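A, B, ... follow the sequence lines: proteins, then strands. Residue 1 opens every chain. Given the structure is predicted, the values throughout are model-derived calculations rather than measurements.
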Amino acid sequence: MSSITKETVCYVADLARLYLTDEEIEQMTESLNKILEFEEQLNSVNTDNVEPMAHAVPLNNVMREDVVEESMPIREAMLNAPDEVEGFFRVPRIIEKD
Amino acid sequence: MPLEDYTIVIGLEVHAELATDSKLFCGCSTSFGSEANTQICPRCLGLPGTLPVLNKKAVEYAVRAGLALDCKINKFSKFDRKNYFYPDLSKAYQISQYDQPICEHGHVEFYVGGEKKVVGITRIHLEEEAGKSIHSGTSISDSDFSLEDYNRSGIPLIEIVSEPDIRSPEEARIYMETLRSILRYIGVSDCKMEEGSLRCDANISLMPKGATVFGTRTEIKNMNSFRAVQKALEYEAERHAKLLDSGEKIVQETRTWDDNLGITLSMRSKEEAHDYRYFPEPDLVPVILEDEFVTDIKNSLPELPAEKFRRYLEEFGLPEYDAELITADRDLAEYFEAVVAIYNKDYKAVSNWIMGEFMRLMNEQGIEVGEVKIKPEDFAAMLKLMDEGVISSKIAKVVFEEMFNTGKEPKTIVGEKGLVQISDSSAIEQIVADVIKDNPGPVAEYLGGKDKVLGFLVGQVMKLSKGKANPQMANEFLKKALAELSKNQ
Ligand SMILES: [Zn+2]
């Protein structure tokens, strides 16, 4: 049975840009392992002749026609911009300095 | 050892924006060049509570591309989330297709220096485009901030992944040009590299000739023209060879092409080694293609450039060079076919005019075939006027340019400008006499045995007649007059 280490939790948290305290790392490691244990139960089911499921809802081909609809007013869109410059979203430095 | 002793192995990932009116998962317009952030909505921005809905036309276009590239069309495909943080991706994930793409196992054929080349297509998948970043500095690495425009984010893309079958930078360029030609023929993308609607990343590695294990590869980005694709790969192949020769190791990394400096540079991004944590997109249901849907698309495909090329050789007897050049662009090929449908006396003459004056004027004025004012029937009428001796080939060029600029019929232009060829004997005799009188030096030289001077004298006759003298008659009359002179000497 695979188990999740603190290192895994830190790595995933880092990828998701989450900053966890030591206590939270401890907690997360424990709960993630519990989830994994719970999922392990599924391994006891025989799935030899069962097609993998791509979606939980039994639906396919939900599509729309290629029709242009109105976009949102730029002022409204900019309400969510932490930093705006003349209609652009301004973001901080992308590549860190050497 | 020199580069020739290595086998170069190249694979390309080509991104083509699909020519749909609306985005892949929302109704925002895909038109190019609008003011920043005016074609965005809660869905393409990924605001909480919104759901994507797949654009049917994009699916159709992806299948169309797959069929044109001889792919197997997968009846079942699904979408996945590719997770990464980058400011041009406002959702922090891109909806793409991971393990079940819409098309697989195709191939493309083209000619390199007369030799046929086949490159395998691993897969074609559908995904959404990212936004566009404008950096404050001269490059991303010296920019303290960047500005984001999300108009482009969510535009449908197909990513066409090739097998590592390409063996030279030149082949890579021709492969790209062939893809563009095909995608434009089938109308799924306008493929404008300068607007970014066609882009590619390249993987390249070297191995000693005869080896079977590929060397360490590097990935090149930011090649914004066909020329740049070839140049960047030439540079990178040389760089690999030098490193290998000096016993150094190639670092597997992503490099960016700097077109001004003509070199590739390492992209030291802080981004974690690619760990995209793909998982099935829970907000979209699978796509299951009915046979009929695929068959209908297949039946609607036009004649593709490779088939046209073969037909031009057989049906019109054109040289390979002509056939390739004309069939590379669908509009040009259709124009050619419209002209030869009316003028079938000399296919090569039509091809010469198209590759010559027609394309010269188009390039000069920066316009496309669709914008050309000459109607195919007028093109054919001009060639007939030449055949009938009404205009000389020299005058034809003048008429053609006028037709190109005004869209007028050739007969009208000839009438308006008094360009009818002079085939009247007495008129030409008079001009010949004048030329002989005005050029005693050359005439003496000719009479002294320098036959070559005749060409100059014919030229003078043409000049004096403003190009309107019938060249055969000018030649004949001049010879006759000079022979007379010689006798009387
Ligand atoms: Zn939108």
Can you say whether [X] sits under 4.5 Å from chain A via the side chain, the backbone, both, or neither, judging by heavy atoms?
X       : value
P280(B) : side chain
F25(B)  : backbone
E35(B)  : neither
L24(B)  : backbone

Option in [options] with maximal non-hydrogen atom pairs under 4.5 Å from chain A:
options                          : result
L284(B), T20(B), T30(B), L289(B) : T20(B)
R43(B), Q39(B), H135(B), E281(B) : Q39(B)
V59(B), L47(B), L54(B)           : L54(B)

Close side-chain approach of [X] to [Y], heavy-atom, < 4.5 Å:
X      : Y       : answer
L15(A) : F85(B)  : no
E65(A) : K56(B)  : yes
C28(B) : E69(A)  : no
M63(A) : V287(B) : yes
S71(A) : I40(B)  : no
F88(A) : E148(B) : no
L45(B) : M72(A)  : yes

[atom1]-[atom2] distance between [X] and [Y], expressed to the nearest 0.5 angstrom:
X       : Y      : atom1 : atom2 : answer
E86(A)  : N37(B) : CD    : CG    : 12.5 Å
D149(B) : F89(A) : CG    : CZ    : 9.5 Å
N60(A)  : K78(B) : CG    : NZ    : 13.5 Å

Would the number of heavy atoms belonging to other residues, nucleotides or ligands and lying under 6.0 Å from [atom1] of [X] be above 12?
X       : atom1 : value
N299(B) : CG    : yes
E30(A)  : CD    : no
N49(A)  : CG    : no
F293(B) : CZ    : yes

- Query: Using non-hydrogen atoms only, which part of V62(A) is less than 4.5 Å away from chain B: side chain, backbone, both, or neither?
  - Reply: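 Contact with chain B involves both backbone and side-chain atoms of V62(A).
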
- Please state whether the side chain, the backbone, both or neither of D83(A) comes within less than 4.5 Å of a heavy atom of chain B.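 For D83(A), neither part sits under 4.5 Å from chain B.
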
If we ignore hydrogens and angles and just use 3.5 Å, is the side chain of [X] paired with the main-chain N or O of [Y] as donor and acceptor?
X      : Y       : answer
R64(A) : C26(B)  : yes
D21(B) : V67(A)  : no
N61(A) : I288(B) : yes
D66(A) : S22(B)  : yes

